[in-house]
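One structure is given here, and the rest of the page talks about it.
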Amino acid sequence: DRACMLLSKAGCIKTLSLQLASRGHHPVNDEDVNYIRVITQICEVDSQRFEDVVLIGAVGRIILVLRKNLVAQSVLLPSEVEVQRRCIRFLEKMAGKDSIRYPTFQAGTGVLCLDILDMEKSSCKPGAINTLSILLEDEEVQRNFIEIPDGIERLGRFVKYGDRSLKMKALDMLRQLASQVENVRLMTTLSDLMDSVVLVQIILCSTDPFKRPGGFRTRNFKGVIVWV
């Protein structure tokens, strides 16, 4: 930790972030991984350096490196495990910082999270769910989420086809998005989305031993009323 703090004070993060950002769309190699390894280690110790990584523009390259190491298999190479773990944890922590939450989303983190959740198998799914949920706490992200092609429709598919945990997370994210009028307008035109939401509410009520006499759990169903 002491070594990382010294490197941070020496401006190492800015130098490495510039190197990483300058690689643009060149093929991913071990040099990228080494940069990310050092950057993530330093930021774990000095959380103020997350902003430097965003402002310099290295987040896009980090996302690209992670994408190259996303493999839909049960058994992964040790290098793939390390890159996935480091990158998704790094993005999740960046999403948790109010000052850089929207720039983190703009860099492509929202699309990345949706792509990971679409994968049949991925150890990054828990991190992707948490990262996307945190991003959607930001009003600016909520307003601009509609710019992701089929973004809301994809969340609707998670409500329909995901496991119980993913259904609930997706439902909550849709509720957050419903705070913006433009999102509501789009949601009400998607019949599959509305049908899936109502169906999930009915299922939840039928399995809830503490359901209200009216048949609906107030906390969950209120979101449907707001959307409609």
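For the numbers below, each heavy atom of this structure counts, side chains included, while hydrogens, waters and symmetry mates do not.
Using a 4.5 Å heavy-atom threshold, the side chains of Ser17 and Asp52 count as separate. Residues Phe145 and Gln180 are not in side-chain contact: their nearest non-hydrogen atoms beyond the backbone lie 4.5 Å or more apart. Inter-residue side-chain proximity for Val38 and Val33 is flagged as unmet; no heavy-atom pair is nearer than 4.5 Å.
Between Glu82 and Arg86 there is a salt bridge, since a side-chain N of the basic residue sits under 4.0 Å from a carboxylate O of the acidic one. The pair Arg67-Asp115 meets the salt-bridge criterion, since a charged nitrogen lies less than 4.0 angstrom from a carboxylate oxygen. Using a cut-off of 4.0 Å between Lys/Arg side-chain N and Asp/Glu carboxylate O, Lys169 and Asp163 are scored as not salt-bridged.
Of all heavy-atom pairs between Arg101 and Asp98, the closest is NH2-OD1, 2.9 Å.
For the ring pair (Phe, Tyr, Trp, His ring centres under 6.0 Å) test, no residue two or more places apart in sequence or in another chain qualifies with Tyr102. Under the side chain to side chain contact (heavy atoms under 4.5 Å, CB included) criterion, Leu186 pairs with Ile146, Ile152, Thr189, Leu190, sequence neighbours left out. Residues satisfying the ring pair (Phe, Tyr, Trp, His ring centres under 6.0 Å) test with Phe158, not counting sequence neighbours, are none.
In this structure, NZ on Lys125 lies 8.0 Å from CG on Asp118, to the nearest 0.5 angstrom.
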List the atom pairs, donor and acceptor, that lie under 3.5 Å between side-chain atoms in residues 128-136 and the rest of the protein, sequence neighbours left out.
unit_1, atom_1, unit_2, atom_2, d
Asn130, ND2, Pro126, O, 3.3
Thr131, OG1, Gly127, O, 2.7
Ser133, OG, Ile129, O, 2.9

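Not a single donor-acceptor pair under 3.5 Å links the side chain of Asp172 to the backbone N or O of Met168.
Grouping Ile, Leu, Val, Met, Phe, Trp and Tyr by side-chain contacts under 4.5 Å, direct or through others, puts Val45 with Met5.
Note on Tyr35: it does not cluster hydrophobically with Leu55, by side-chain heavy-atom contacts below 4.5 Å among ILVMFWY residues. Under the 4.5 Å side-chain heavy-atom criterion for Ile, Leu, Val, Met, Phe, Trp and Tyr, Leu64 and Leu18 are members of distinct hydrophobic clusters.
Applying side chain to side chain contact (heavy atoms under 4.5 Å, CB included) to Leu155 and the options Leu171, Leu174, Asp150, Leu166 leaves one that passes, Leu174.
Here salt bridge (charged side-chain N to carboxylate O under 4.0 Å, His left out) pairs that include residues 38-48, with residues two or more places apart or in two chains, are Glu44-Arg89, Glu44-Lys93, Asp46-Arg49.
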